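Heads up: the structure comes next, in structure tokens.
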Amino acid sequence: VYHHRRPLFKRYLKQIWGYGLHRGYFVKNFPETSRKPIYFVPSLFVAGFVVGFLLSFLNPILMLAYASVLTIYFAACFMEGLKTRNLKMTVLVFAGTILTHVTYGIALLKGLVTRDLKE
């Protein structure tokens with residue numbers, strides 16, 4: 001099935017939200033095909049972002065670890081954007097990558113707790 005990509009940001013992120021929401025819902029209802037670990041990585045990232053932020057205030061070492069992981073992640077997203085060799089595209093790829101991960105991750109978690117998809 002071909003799913004064409006929508007233009008950034010609003011329509012594209014709405015599409016990604018739908019993918020994540022349905023994947024989370026399918027994990028509950030069709031576990032034999034939908035419980036691949038890779039599907040959960042963005043949700044783990046979102047959870048780690050929130051929990052890491054809260055825990056980073058408890059200990060300077062946790063704060064350093066949290067900041068280091070985020071720096072590596074942001075650097076990887078930025079370096080991926082640099083592959084376009086265009087400053088405007090670099091910024092769009094950087095922001096788009098982060099927003100894609102966060103949107104999909106939150107939507108998958110919502111799909112896990114959704115009782116019925118009405119679409």
Side-chain angles (χ1 to χ4, degrees):
V1 175
Y2 176 73
H3 298 277
H4 72 280
R5 298 286 176 242
R6 284 20 178 218
L8 281 178
F9 280 96
K10 188 177 179 180
R11 289 173 49 200
Y12 169 76
L13 292 175
K14 184 177 178 184
Q15 180 182 27
I16 296 302
W17 180 268
Y19 289 164
L21 183 68
H22 284 87
R23 176 60 60 204
Y25 183 77
F26 292 159
V27 163
K28 284 189 314 193
N29 296 296
F30 308 105
E32 58 280 350
T33 59
S34 295
R35 284 199 180 154
K36 294 181 182 176
I38 193 73
Y39 295 145
F40 296 92
V41 171
S43 297
L44 292 172
F45 170 74
V46 169
F49 182 80
V50 173
V51 171
F53 177 76
L54 297 173
L55 291 177
S56 70
F57 291 104
L58 298 177
N59 183 311
I61 294 173
L62 291 176
M63 185 176 286
L64 180 61
Y66 178 72
S68 297
V69 169
L70 278 184
T71 299
I72 292 167
Y73 172 73
F74 289 142
C77 292
F78 187 74
M79 288 171 53
E80 197 61 32
L82 285 174
K83 291 179 182 179
T84 66
R85 298 180 186 257
N86 176 301
L87 183 58
K88 181 179 177 184
M89 286 303 295
T90 295
V91 173
L92 289 174
V93 168
F94 173 75
T97 302
I98 294 166
L99 289 172
T100 297
H101 293 156
V102 171
T103 300
Y104 180 92
I106 292 170
L108 186 139
L109 295 173
K110 181 171 176 25
L112 285 173
V113 298
T114 298
R115 289 182 187 248
D116 187 30
L117 292 179
K118 294 178 171 109
E119 289 187 50

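From a predicted model like this one, the values you see are computed outputs, not experimental measurements. Counting begins at 1 with the first residue of the sequence.
Residues Val91 and Leu82 do not share a hydrophobic cluster, clusters being chains of Ile/Leu/Val/Met/Phe/Trp/Tyr side chains in contact below 4.5 Å. Ile38 and Leu44 are assigned to two separate hydrophobic clusters, defined by single-linkage of ILVMFWY side chains at heavy-atom distances under 4.5 Å. Linking ILVMFWY residues whenever their side-chain heavy atoms come closer than 4.5 Å, directly or via other members, leaves Val69 and Ile72 in distinct clusters. The hydrophobic clustering, which links ILVMFWY residues whose side-chain heavy atoms are closer than 4.5 Å, places Leu64 and Leu58 apart. When the side chains of ILVMFWY residues are joined at heavy-atom separations under 4.5 Å, either directly or via intervening members, Val41 and Leu109 end up in a single hydrophobic cluster.
Residues Gly105 and Ser43 share a closest heavy-atom pair of O-OG, 2.8 Å. The two residues Val93 and Gly81 come nearest to each other via the heavy atoms CG1-CA, 3.5 Å. Here the closest heavy-atom approach between residue Ile98 and residue Tyr73 is recorded as CA-OH, 3.6 Å. Nearest heavy-atom pair across Tyr39 and Ser34 is CD1-O, 3.4 Å. Taking both residues in full, the closest heavy atoms of Thr33 and Lys36 are given as O-CE, 4.4 Å, listed atom of the first, atom of the second, then distance.
Under a 3.5 Å cut-off, the side chain of Tyr66 and the backbone N or O of Phe49 do form a donor-acceptor pair. Looking at Ser56, its side chain never comes within 3.5 Å of a backbone N or O of Met63 through a donor-acceptor pair.
Note that CZ of Arg85 is 10.5 Å distant from OG1 of Thr90, once rounded to the nearest 0.5 Å. Leu108 contributes atom CG, which lies 10.0 Å from atom OG1 of Thr114 (distance to the nearest 0.5 angstrom). A distance of 12.5 Å separates OG1 of Thr103 from CG of Leu21, quoted to the nearest 0.5 Å. Distance check, rounded to the nearest 0.5 Å: NZ of Lys28 to CZ of Arg115 gives 8.5 Å. Interatomic distance, Phe94 CZ to Glu80 CD, rounded to the nearest 0.5 Å: 12.5 Å.
Surrounding CD1 of Ile61 are at most 12 heavy atoms belonging to other residues, nucleotides or ligands under 6.0 Å away. For Phe78, the CZ atom is loosely surrounded, since the number of other residues' heavy atoms within 6.0 Å does not exceed 12. Counted within 6.0 Å of CZ on Phe9, heavy atoms from surrounding residues, nucleotides or ligands total more than 12; the atom is thus considered enclosed.
With a 4.5 Å cut-off on side-chain heavy atoms, Phe45 and Val102 count as touching. Counting heavy atoms from C-beta on, the side chains of Ile16 and Tyr19 come closer than 4.5 Å. At a threshold of 4.5 Å between non-hydrogen side-chain atoms, the residues Tyr104 and Val46 do not count as touching. Side chains of Tyr12 and Thr100 form a contact here, defined as non-hydrogen atoms less than 4.5 Å apart. Counting only heavy atoms from C-beta outward, the side chains of Leu13 and Trp17 never approach each other to under 4.5 Å.
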Exercise. Dump the intermediate steps for side-chain contact (heavy atoms from CB on, under 4.5 Å) on Leu62 and Phe57, then the final yes or no.
Key: CA-CA 8 Å; Leu62 291 176; Phe57 291 104; over 6 Å; no
